[in-house]
Amino acid sequence: MITKQDCQQINDYIWEIPTGFKEQMNVPVWIFADEELLEEALKDLSVTQAVNVACLPGLAGHVAIMPDVHQGYGMPIGGVMAAKVPDGIISPGAVGYDINCGVRVLASQIDYNSAKPYLSDLATSLYRNCPSGVGEKGSIPLSADELDKMCRQGAKWALEQGYAEAEDLSRTEEFGCLEGADPGSVSKRAKDRGRGQLGTLGAGNHFLEVDVVEEIFDPQAAEIMGLYQGCLVIQIHCGSRGFGHQICTDYVQDFQLAVINYGIQLPDRELVCAPINSKEGQAYLGAMKAAANFAFANRQALAYHARRSFAEVFGSPEKPLRQVYDIAHNMAKIETHKINGEEMTVCVHRKGATRAFGPGFEGLAPEYQKIGQPVLVPGSMGTESWILLGTKANDELSFGSSCHGAGRVMSRSKAKKEIRGDRLRKDLEKEGINVRAGSMPGLAEEAPKAYKDVNRVVETVSHAGIAQKVARLRPVAVVKG
DNA sequence: ATGTAC
């Protein structure tokens, strides 16, 4: 059991567990949290898992955990780990089962007050146009060749197919396409599962949400992003569906052997990994990129469906839904960072954490090179969400990373036992939130009280200096599987 | 997160 006494306070929002805490630790753990969120983080296995991650070979700097952290498979959700390239490792469990799970925000210039009478119709239309739930019903089916092409090209494929605007791609992380995706490293089983799932929402914490821009903190950045106070935006939270899930399953299994072959000592079997430059490591990287591109194309297809719904309900708007950004929060990427004063190439594993690069980064659209990368932080269902900007200072603090959401505090099983979905739906509707959900137990799992306070999480990242506030959003319609 | 069990 790790306690507060084991954490050395660096400042009001950063705590360190030094390498001396456990003999096998190779780097320290940094916890981004205020006192209350630190206590929250210590209640489950989050910090223990972060310490386990810090025992992996070939790491750089420290392991970082975000204020929305909670325990996950091997590595906590809300964790960031940088492995040295070429001497370090890559770990599927440190990316997560939902490869390139992420969030996309599109903004409108439709005023909430005038749209209010139509929000129920909008929610119904979104629920109808965006297939949801476990499985593959109602998707855009692909041939084997077409699936491979889509995996190589990501959102570029979606643009060719007519599901995207050119600006969507310029406002997507990596422009919606990771180079080097290798469909040859993806199992037939994963492809069979993925073929029929493009353009589907899935279940669990995936959702569509219509919000109103409630408060703007950085008018210049909001203007550039296309966010207007009092206007509607839509958030899309989804990933690589059964395709990425199967790829993670396959490589977690394959790597059990790699760990033995390369003589890697593991603190936890769930942290199986392989040297990044080994044939196993490269195969996973190629497959992970294929899943990442699947997810970019998937969110693009969902954006296409969302635009159809807005057009159905509001007519063809003279000012269309414009993409703000699309961001990944389960991914491993090769990047260069300044670590303990030294420029290093590392494989940054972000699991339930986002990239949050500051101004000047060339991999952004020109208008975002000026202000920094947008960071999209959805709150729990029925609570606020945030749009932030990455900073320059976060390079040395968190490998250019920030938080990804509110963070779960109650297990899915406990939430299902304690909360009635139909009651929750009524409560949300009473607050003026239109709810369309395929599963009432599924809705209960996502109840606001199963999550931390997203506003406190955002206060923490902003005071810690890893992201800054641009706008707060308030939900008015939620669509779930 | 997930054809929630190959």
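Computed from a predicted structure; not experimentally measured. Chain letters run A, B, ... following the sequence lines, proteins first, then strands; residues in each count from 1.
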Quickly work out the [X] [atom1] to [N] [atom2] distance and round it to whole Å.
| X | N | atom1 | atom2 | answer |
| --- | --- | --- | --- | --- |
| A/H237 | B/dT2 | NE2 | C1' | 14 Å |
| A/D250 | B/dC6 | CG | P | 12 Å |
| A/R412 | B/dT2 | CZ | P | 9 Å |
| A/E446 | B/dT2 | CD | C1' | 14 Å |
| A/K480 | B/dT2 | NZ | P | 10 Å |
| A/H206 | B/dT4 | NE2 | P | 16 Å |
| A/Y97 | B/dT2 | OH | C1' | 10 Å |
| A/Q246 | B/dC6 | CD | P | 9 Å |

Would you please name every residue forming a ring pair (Phe, Tyr, Trp, His ring centres under 6.0 Å) with A/W15, sequence neighbours left out?
-> none

All pairs passing ring pair (Phe, Tyr, Trp, His ring centres under 6.0 Å) where residues 130-165 of chain A contributes a residue, at least two apart = A/Y163-A/Y304

Is [X] touching bases, backbone alone, or none of the nucleic acid, heavy atoms closer than 4.0 Å?
| X | answer |
| --- | --- |
| A/E445 | nothing |
| A/G239 | nothing |
| A/R408 | nothing |

Could you walk me through whether A/L106 and A/V324 pass side-chain contact (heavy atoms from CB on, under 4.5 Å), step by step?
-> CA-CA 5 Å; A/L106 308 172; A/V324 173; over 6 Å; no

Interatomic spacing from OG in A/S309 to CG in A/L126 - rounded to 0.5 Å | 4.0 Å

